[in-house]
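Computed from a predicted structure; not experimentally measured. Computation of the quantities below employed the complete heavy-atom set of this structure, encompassing side-chain atoms and omitting hydrogens, waters and symmetry-equivalent molecules.
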Amino acid sequence: MAIYTKAILFAGVGYLSFMVSLLFEPVQRNLVFLYRLRLGGKETVYHPESVGFAQNQVAPFWLTMPDGVKLFGWHILPLDVYAAHRQELRGLSATQDSIDSGEFAKRHLEILKEDPDARVIIYYHGNSGCISAMHRPDIYRSLISTSPAHTHLFVVDYRGFGISGGTPSEEALISDGAFTAKTILNMTGVPADRTILIGQSLGTGVIIGAADLLTQSDPKLEFRALVPIAGFASIEELLSTYKIFGTIPVLAPFKSFKALQTLLARQLRYKFHSDVRIERFVRNSRKTKVLVVHSFDDEHIPYFHGEKLVDAAIMGALESEADDAGQSSGGHLKRLVEMSEDERHGVFEIVSVGERQVREYVFWQKFGATAEVVEESQVSLTSEVRRIGMLAVKWGGHDIVPKSTDVVLAIRNILYED
């Protein structure tokens, strides 16, 4: 009995010590980004064939950020394109020197530019590891399957991750994400209306922040679509339910101690308020489609976080005087779902409500009619429509939901057919 009591006391003291350590920025940085968890390594990032890609299907490259920090990335060719150039590509010398100099990646970019129908996905991964780690290569292969002939995928490691330089922070990852997207547009020559940003987990905070930043720039930059997968409303709200490695609760044991939760929230250095940012982004954007993807059985980030992101996006679209622009808890999604079919007509569509497999909602944002000169003597009235959707799936949990066929098909639709 004494041993049991001591074990409980020891665990309690250890947990309280851990909670106190969360008040310090270095501890927060390591827990939010997990960037020191070195899964994958130099061998796999320089040699993508070691994680299942065909020889020289992937072109590793470096990007230099405005502050001089260098980030490491991949350009992955679609399968049909690779097959058409396989003999030539296999003859290229993929040495560390040719990769570091940028020479190796040139031919892959030339091949992309030869295709007038090329589409580009820029993918932002979750925390820990690097671009070659764990399930990520399988996700890339799923995403380029949206069109084996035309879909090129770019993924770049965050600062401090893998072999990229620098140290991560919320501000740095978002500014790097925006700069990376602009740079890839310039590199490829593929216009923004044929390019989409996809983020998973931590990557959703990066793409939403980057998209928000780019719509506030001059000139404004708007991509074809923004696709947050397994995202969160904010780190602050996530901590109330989050378990580190799916085991160690962060704030859940302190639900009854509001003062302590408030203290920790105030000391939180990395907040990633994606709900506020996506609401502002949608208010400022007139072109970018939004598709929020979440799994019902996400074991790390509960499903309601996806609903909160959709709700915030819809609130940004509604631009109602009754809405407080700084809040994102308006309950618009719930209200729209509960409307009668006649009330929803032309505004909100329930594509599917099947709990067993997939649930999909689409909100249609209609802009006012604008005059467009067709010929010198003709004027045509056109109406812009932008879709904000949510796709909820049963399979995939947190880490591999982007591999779901339903998700891949939804991305294909938004990239090629919408």
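Between the side chain of Glu222 and the main chain of Leu214, no donor-acceptor pair closer than 3.5 Å is present. In this structure, the side chain of Ser175 engages the main chain of Ala172 through a donor-acceptor pair within 3.5 Å. Judged purely by atom type and a 3.5 angstrom limit, Ser201 has no side-chain atom pairing as donor or acceptor with the backbone of Gly203. Looking only at distances, no side-chain donor or acceptor of Ser128 sits under 3.5 Å from a matching main-chain atom of Leu34. Side-chain N or O atoms of Thr288 include one that pairs as donor or acceptor with a backbone N or O of Phe223 at under 3.5 Å. Distance alone, capped at 3.5 Å, is enough to place a donor-acceptor pair between the Arg136 side chain and the Cys130 backbone.
When all heavy atoms are compared, the tightest approach of Asp399 to Ile139 is O-CD1, 3.5 Å. The two atoms that bring Glu170 and His273 nearest to each other are OE2-N, 4.2 Å, heavy atoms only. Among all heavy-atom pairs drawn from Leu143 and Ile411, the shortest one is CD2-CD1, 3.7 Å. The two residues Ser145 and Val408 come nearest to each other via the heavy atoms OG-CG1, 3.7 Å. Minimum interatomic distance between Ile301 and Ala230 (heavy atoms only, all atoms of both residues): CD1-O, 3.4 Å. Residues Ile414 and Ala225 approach most closely at CD1-CB, 3.9 Å, considering heavy atoms.
Atom OG1 in Thr146 sits 8.5 Å away from atom CG in Leu153 (nearest 0.5 Å). Distance check: Leu89 CG to Leu77 CG gives 6.0 Å after rounding to the nearest 0.5 Å. In this structure, the separation between CZ on Phe232 and CZ on Phe272 is 6.0 Å, given to the nearest 0.5 Å. The distance from the NE2 atom of His108 to the NE2 atom of His152 is 10.0 Å, given to the nearest 0.5 Å. How far CG of Asp67 is from CZ of Phe179: 9.5 Å, rounded to the nearest 0.5 Å. Distance check: Ile76 CD1 to Ile144 CD1 gives 6.0 Å after rounding to the nearest 0.5 Å.
The residues Asp176 and Arg159 are annotated as salt-bridged, a charged nitrogen and a carboxylate oxygen being separated by less than 4.0 angstrom. Under 4.0 Å is where a charged nitrogen must lie from a carboxylate oxygen, and between Lys334 and Glu307 no such pair does. Using a 4.0 Å cut-off between a side-chain N of Lys or Arg and a carboxylate O of Asp or Glu, Glu417 and Lys289 do not qualify as a salt bridge. Under 4.0 Å is where a charged nitrogen must lie from a carboxylate oxygen, and between Arg269 and Glu171 at least one such pair does. Salt-bridge annotation for Asp138 and Arg141: present, with a side-chain N of the basic residue lying under 4.0 Å from a carboxylate O of the acidic one. For Lys308 and Asp275, the salt-bridge test fails: no basic side-chain N is under 4.0 Å from an acidic carboxylate O. For Glu110 and Lys113, the salt-bridge test fails: no basic side-chain N is under 4.0 Å from an acidic carboxylate O. Note on Asp157 versus Lys70: no salt bridge recorded, every NZ/NE/NH1/NH2 to OD/OE distance being 4.0 Å or above.
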CA sep, side-chain torsions, deciding dist, call: Ser234, Lys271, side chain to side chain contact (heavy atoms under 4.5 Å, CB included): CA-CA 6 Å; Ser234 69; Lys271 299 186 178 182; 5.9 Å; no
Thr64 vs Val69, side chain to side chain contact (heavy atoms under 4.5 Å, CB included): CA-CA, chis, key distance, verdict: CA-CA 6 Å; Thr64 303; Val69 170; over 6 Å; no
Ring pair (Phe, Tyr, Trp, His ring centres under 6.0 Å) evaluation trace for Phe104 with Phe61: CA-CA 8 Å; Phe104 179 71; Phe61 63 91; over 10 Å; no
Glu103 vs Ser98, side-chain hydrogen bond (donor to acceptor under 3.5 Å, both in side chains): CA-CA, chis, key distance, verdict: CA-CA 5 Å; Glu103 190 64 31; Ser98 67; over 6 Å; no
Intermediate values then yes/no, salt bridge (charged side-chain N to carboxylate O under 4.0 Å, His left out), Asp212 and Arg280: CA-CA 7 Å; Asp212 178 37; Arg280 184 172 57 218; 2.5 Å; yes
Derivation and outcome, ring pair (Phe, Tyr, Trp, His ring centres under 6.0 Å), residues Tyr35 and Tyr158: CA-CA 9 Å; Tyr35 68 108; Tyr158 309 122; over 10 Å; no
Step-by-step side chain to side chain contact (heavy atoms under 4.5 Å, CB included) determination, Leu71 to Met65: CA-CA 7 Å; Leu71 307 184; Met65 299 297 103; 3.7 Å; yes
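Val292 has its side chain out of reach of Val227: every pair of non-hydrogen atoms, C-beta onward, lies at least 4.5 Å apart. In this structure, Lys182 and Leu221 have side chains that are in contact, with non-hydrogen atoms separated by less than 4.5 Å. A heavy-atom distance below 4.5 Å is found between the side chains of Phe281 and Thr215. Residues Met390 and His294 form a side-chain contact, since some pair of their non-hydrogen atoms from C-beta on lies under 4.5 Å apart. At least one side-chain heavy atom of Ile111 sits under 4.5 Å from a side-chain heavy atom of Val81. Between Thr188 and Leu109, the closest side-chain pair of non-hydrogen atoms falls below 4.5 Å.
Classification of the Phe161-Phe33 ring pair by plane angle, with boundaries at 30° and 60°, yields perpendicular. Ring orientation note: the planes of Tyr303 and Phe296 are tilted relative to one another, at an angle of 30° to 60°. In this structure, Tyr416 and His150 have tilted ring planes: the angle between them lies in the 30° to 60° band. Classified by interplanar angle (parallel below 30°, tilted 30° to 60°, perpendicular above 60°), the ring pair His75/Phe154 is parallel.
Other residues, nucleotides and ligands contribute more than 12 heavy atoms inside 6.0 Å of the CD atom of Glu114.
Under the 3.5 Å distance criterion, with hydrogens and angles disregarded, no donor-acceptor pair is assigned to the side chains of Thr204 and Tyr124. A side-chain donor-acceptor contact under 3.5 Å links Ser295 and Asp297. With 3.5 Å as the limit, one finds no donor-acceptor pair spanning the side chains of Asn56 and Arg90.
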